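Predicted model, so just to flag it, every value in this text is computed and none were measured. Numbers restart at 1 for each chain; the letters A, B, ... are given by sequence-line order, proteins then strands.
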Protein chains: 2
Amino acid sequence: MRERERHILDAAVRVIAEDGVQGLRIGKFAAEARVSTALIYHYFEDRAGVLRHALEYLDLRAAAHIEEAVPADLCPRAALDRMLLVELQSALDVRMHCIAWGELRASAVFAPELRETLRSTTGEWVDHVADVMREVVETAHGSPAPDLTGAAERLTTLVEGLSKRWLSGYCTIERTRELLSGAITAELATI
Amino acid sequence: MRERERHILDAAVRVIAEDGVQGLRIGKFAAEARVSTALIYHYFEDRAGVLRHALEYLDLRAAAHIEEAVPADLCPRAALDRMLLVELQSALDVRMHCIAWGELRASAVFAPELRETLRSTTGEWVDHVADVMREVVETAHGSPAPDLTGAAERLTTLVEGLSKRWLSGYCTIERTRELLSGAITAELATI
DNA sequence: GTCTATAGGAAGATAGAC
DNA sequence: GTCTATCTTCCTATAGAC
């Protein structure tokens, strides 16, 4: 991916974070990227192409984001907290990313063509969380853990739900993070 | 509310469930309600008015929905299950309601004017769930329960998150319900 | 209250010069 | 690759008759 393309896709993510996927207007997007609308159509075939590329770009950044936030030498319990809490931060770029991810999820309700991307990304995230949970449990108990997919699905789903409540003004970021921490503890306690 | 208005608002909910809040087109909405666009503007001032009324109507129906699903003589544990699982059903009208509610939540990220309605409805729902949880705990333990607001917030949030995953094709309705049941059990176990 | 017809404007997409 | 200018379509909202 060229520098220019990344610059344009960053603008797309900003506009989506401001107006939503359905609210993305090519004109506003082009202005945000400081290029003409014609150039947008030169890079991406049409409006759907813009969304497709923007959401794939988001996907790429999400993986990098998690790896960056979780150093390899962290103990499993701390790593679990980190990887789940990393999306729930008030910093502007994290917040933007979070809004855009929520929009991707919401769009897939009406746009089946997005579902496959979403399914694989979500699946990888769930598996990753389940792996770390297994490490936590086996480190603590010293015995093999049962299947943790369900617990990992609940926790990752809770992250998505909490992010929407936070972003829609229902609770503060501190409260949101506190609720998630409580859920992690509750899930681990029942294993 | 007159019969005619309810009929029109039902059409609005159907269209929102099909295309989303931002995807609602007055023309399609009018056609769905089998009236002219002019009549839409006669009943609701403008497009924003349509959304406002549709979402308030949704709100009204949600409360009725829960009361209907939870008979007064049900034991607290069963009532808790019912009131949380009631939105997660594949029946077409429930599914529609669920999509529209998700859209309301998602819209509030970009439309601050919707947040107050959303906040009060959510708050009432959380309080209701917390009350029933208290009954469950006090029936089982025989001693006063601690504050359960956090647990109720997590469970209701999980319902919202799970509904989005279900509706976006990530998991089946059976799996979704199973995950929620698991979470209810986990939350109760840690009290 | 309800309709038909349409004004007026926004937005997606393209043509063609540089 | 990048722009300006514009075409066309679609959509909100209104005018005015019944």
Side-chain angles (χ1 to χ4, degrees), chain A residues 1-58 99-100 103-104 106-108 110-114, chain B residues 1-58 99-100 103-104 106-107 109-114:
Chain A
M1 191 185 300
R2 288 180 199 74
E3 161 97 32
R4 189 67 193 270
E5 200 178 346
R6 186 158 34 229
H7 168 251
I8 292 181
L9 285 172
D10 280 327
V13 173
R14 283 198 299 278
V15 176
I16 289 174
E18 191 163 335
D19 300 326
V21 163
Q22 295 204 65
L24 180 141
R25 295 291 160 253
I26 303 296
K28 180 169 178 176
F29 164 32
E32 177 74 30
R34 301 191 184 253
V35 298
S36 66
T37 63
L39 193 62
I40 299 296
Y41 287 95
H42 173 73
Y43 276 87
F44 318 100
E45 194 178 351
D46 53 15
R47 190 175 177 283
V50 170
L51 293 177
R52 215 174 38 247
H53 281 86
L55 297 173
E56 274 164 19
Y57 177 58
L58 210 64
I99 295 180
E103 281 293 302
L104 168 56
S107 301
F110 307 105
E113 70 272 18
L114 294 176
Chain B
M1 193 185 301
R2 286 179 199 74
E3 161 96 32
R4 189 69 194 272
E5 200 178 346
R6 187 158 34 230
H7 168 250
I8 292 181
L9 285 171
D10 280 327
V13 173
R14 283 199 298 279
V15 176
I16 289 174
E18 190 163 335
D19 300 326
V21 163
Q22 296 206 64
L24 179 139
R25 295 292 158 249
I26 302 296
K28 180 169 179 176
F29 164 31
E32 177 74 31
R34 301 191 185 255
V35 297
S36 66
T37 62
L39 194 62
I40 299 296
Y41 288 95
H42 173 73
Y43 276 89
F44 318 100
E45 194 177 352
D46 53 15
R47 191 176 177 282
V50 170
L51 293 177
R52 215 174 38 247
H53 280 85
L55 298 172
E56 274 163 19
Y57 177 59
L58 210 65
I99 295 178
E103 280 293 302
L104 168 56
S107 300
V109 175
F110 308 105
E113 68 273 17
L114 294 176

S.K.: Specify the separation, in whole Å, of atom CD of B/Glu45 and atom C1' of D/dT14.
M.R.: 13 Å
S.K.: Output yes when at least one side-chain N/O atom of B/Arg2 is less than 4.0 Å from OP1 or OP2 of C/dG1, else no.
M.R.: no
S.K.: Are there more than 12 heavy atoms of other residues, nucleotides or ligands under 6.0 Å from atom CD of A/Glu45?
M.R.: no
S.K.: Do the side-chain N or O atoms of A/Arg34 get closer than 4.0 angstrom to the phosphate oxygens (OP1, OP2) of D/dT2?
M.R.: no
S.K.: Would you compute the distance between atom CG of B/Leu51 and atom CD of B/Gln22 and round it to the nearest 0.5 angstrom?
M.R.: 9.5 Å
S.K.: Roughly how many Å is it from CG in A/Leu39 to C1' in C/dG16, rounded to a whole number?
M.R.: 15 Å
S.K.: Kindly give the heavy-atom pair with the smallest separation between A/Leu114 and A/Ser107, and that separation in Å.
M.R.: CD1-CB, 3.7 Å
S.K.: Report the residue (A/Gly27 or A/Ala38) whose heavy-atom-nearest nucleotide on DNA chain C is the more 5′ of the two.
M.R.: A/Gly27
S.K.: What nucleic acid atoms does B/Tyr43 come within less than 4.0 Å of, heavy atoms only: base, sugar-phosphate, or nothing?
M.R.: sugar-phosphate
S.K.: Send over the distance from A/Phe29 CZ to C/dA13 P, rounded to a whole Å.
M.R.: 13 Å
S.K.: Could you state the atom-to-atom distance from CZ of B/Phe44 to P of C/dT2 in whole Å?
M.R.: 12 Å
S.K.: Using whole Å, what does the distance between atom C1' of nucleotide C/dG12 and atom CG of A/Asp46 come to?
M.R.: 9 Å
S.K.: I'd like to know whether CD of A/Glu113 has more than 12 heavy-atom contacts from other residues, nucleotides or ligands below 6.0 angstrom.
M.R.: yes
S.K.: Please work out if A/Ile40 contacts a base, only the sugar-phosphate, or nothing of the nucleic acid, heavy-atom cut-off 4.0 Å.
M.R.: nothing
S.K.: Measure from NE2 on A/His42 to C1' on D/dC3 and round the result to the nearest Å.
M.R.: 12 Å
S.K.: Considering only C/dC3, C/dG12, D/dT14, which nucleotide approaches the side chain of A/Ile26 most closely?
M.R.: C/dG12
S.K.: OP1, OP2 of D/dT12 versus side-chain N and O of B/Arg25: anything below 4.0 Å?
M.R.: yes
S.K.: Calculate the interatomic distance between B/Lys28 atom NZ and D/dT12 atom C1'; express it in whole Å.
M.R.: 17 Å
S.K.: Whether A/Tyr41 contacts C/dT14 is assessed here as follows: a side-chain N or O lying under 4.0 Å from the phosphate OP1 or OP2. Is that the case?
M.R.: no
S.K.: Nearest 0.5 Å please: distance from the CD1 atom of B/Ile26 over to the CG atom of B/Asp46.
M.R.: 8.5 Å
